[in-house]
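Notes for the one structure printed next.
The basis for the numbers below is simple: all heavy atoms, side chains too, and nothing from hydrogens, waters or symmetry mates. Chain A is the first sequence line, chain B the second, and so forth, proteins listed ahead of strands; every chain is numbered from 1.
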Number of protein chains: 2
Amino acid sequence: MKNSLKTLRAERGWSQADLAGLLKVSRQTVNAIENGRYDPSLPLAFTIARVMQLRIEEVFEE
Amino acid sequence: MKNSLKTLRAERGWSQADLAGLLKVSRQTVNAIENGRYDPSLPLAFTIARVMQLRIEEVFEE
DNA sequence: GCTTCATGTAAAAGAAACTTTACATGGAAA
DNA sequence: TTTCCATGTAAAGTTTCTTTTACATGAAGC
């Protein structure tokens, strides 16, 4: 799965640590997802979409 | 997370085994998701939405 | 009655996601 | 130049997701 998290986060002026705080996960988790080391769980994907104010399909693609 | 997989599957006239085949997962995985024992991975959620011809948010909710 | 099919569930094992701790690098800025 | 911040990554450990195998139940049909 691909995602545009890094771009979306940068557009919002957030650091990885900022986003991790909003998502209540570790900074390493944000980093790993941004760099495609693994995909988030479905609940985390929902939270990501919510804080980005986008639909899941607008953040992630198969 | 809640989901309406059981209803959506029934509407389509599919057994759990049918759906598992389409999703390329075990029947137990379909059963576990339908009965809320755990949430699917994000890739599997995408596949489920695709075979249901719905958006992820139309199948799952936080 | 028997058989078949759909469903629910369990145990054990493996894979994937996530955590904590820790260290390295590079850029900006004082 | 040294301090600070953001980023990348690693190792070890826990939790969550998924598989395989297996067994139980109930409904429907013969």
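- DNA chain D is contacted by B:S41, B:L44 of residues 41-57 of chain B, taking any non-hydrogen atom closer than 4.0 Å.
- A:L22 contributes atom CG, which lies 11.5 Å from atom CZ of A:R9 (distance to the nearest 0.5 angstrom).
- Comparing the local axis fitted to the first five base pairs of the helix from C:dG1-D:dC30 to C:dA30-D:dT1 with the one fitted to its last five gives a bend of 30°, rounded to 10°.
- In plain terms, the two heavy atoms of B:E34 and B:N3 that are nearest each other are CA-OD1, 4.3 Å.
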Check: protein-nucleotides 12-14 of chain C nitrogen or oxygen pairs below 3.5 Å:
none

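- Bounding nucleotides for the chain B contact on DNA chain D, 5' to 3', at a heavy-atom distance below 4.0 Å, are D:dC17 to D:dA22.
- Every residue two or more places apart in sequence or in another chain that forms a side chain to side chain contact (heavy atoms under 4.5 Å, CB included) with A:A17 is listed here: A:S15, A:R27.
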Atom pairs and distances, donor-acceptor, side-chain atoms in residues 38-52 of chain B, under 3.5 Å, two or more places apart:
| from | atom 1 | to | atom 2 | distance (Å) |
| --- | --- | --- | --- | --- |
| B:S41 | OG | B:L44 | N | 3.2 |
| B:T47 | OG1 | B:P43 | O | 3.1 |
| B:R50 | NH1 | A:E62 | OE1 | 2.7 |
| B:R50 | NH1 | A:E62 | OE2 | 3.1 |

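- Within residues 6-16 of chain B, the residues that place at least one heavy atom under 4.0 Å from DNA chain C are, in residue-number order, B:K6, B:R9, B:S15, B:Q16.
- For A:R55, the side chain to side chain donor-acceptor pair (under 3.5 Å) criterion is met by no residue, not counting sequence neighbours.
- To the nearest 0.5 Å, the span separating OG on A:S4 from CD on A:E61 amounts to 7.5 Å.
- Here the CD1-CE distance, from A:I33 to A:M1, works out to 10.5 Å after rounding to the nearest 0.5 Å.
- In this structure, the side chain to side chain donor-acceptor pair (under 3.5 Å) partners of B:S26, at least two apart in sequence or on a different chain, are B:T29.
- Proximity of residues 29-40 of chain A to DNA chain D (heavy atom under 4.0 angstrom from any strand atom) is restricted to A:N31, A:N35, A:R37.
- Applying the side chain to side chain contact (heavy atoms under 4.5 Å, CB included) criterion to A:E11, with sequence neighbours excluded, gives A:T7, A:L8.
- A donor and an acceptor atom never sit less than 3.5 Å apart when one is taken from the side chain of B:Q28 and the other from the base of C:dT7.
- Closest heavy-atom contact between A:N35 and A:K6: OD1-NZ, 3.0 Å.
- By the side chain to side chain donor-acceptor pair (under 3.5 Å) test, A:R12 is found to be paired with no residue, residues two or more places apart in sequence or in another chain being considered.
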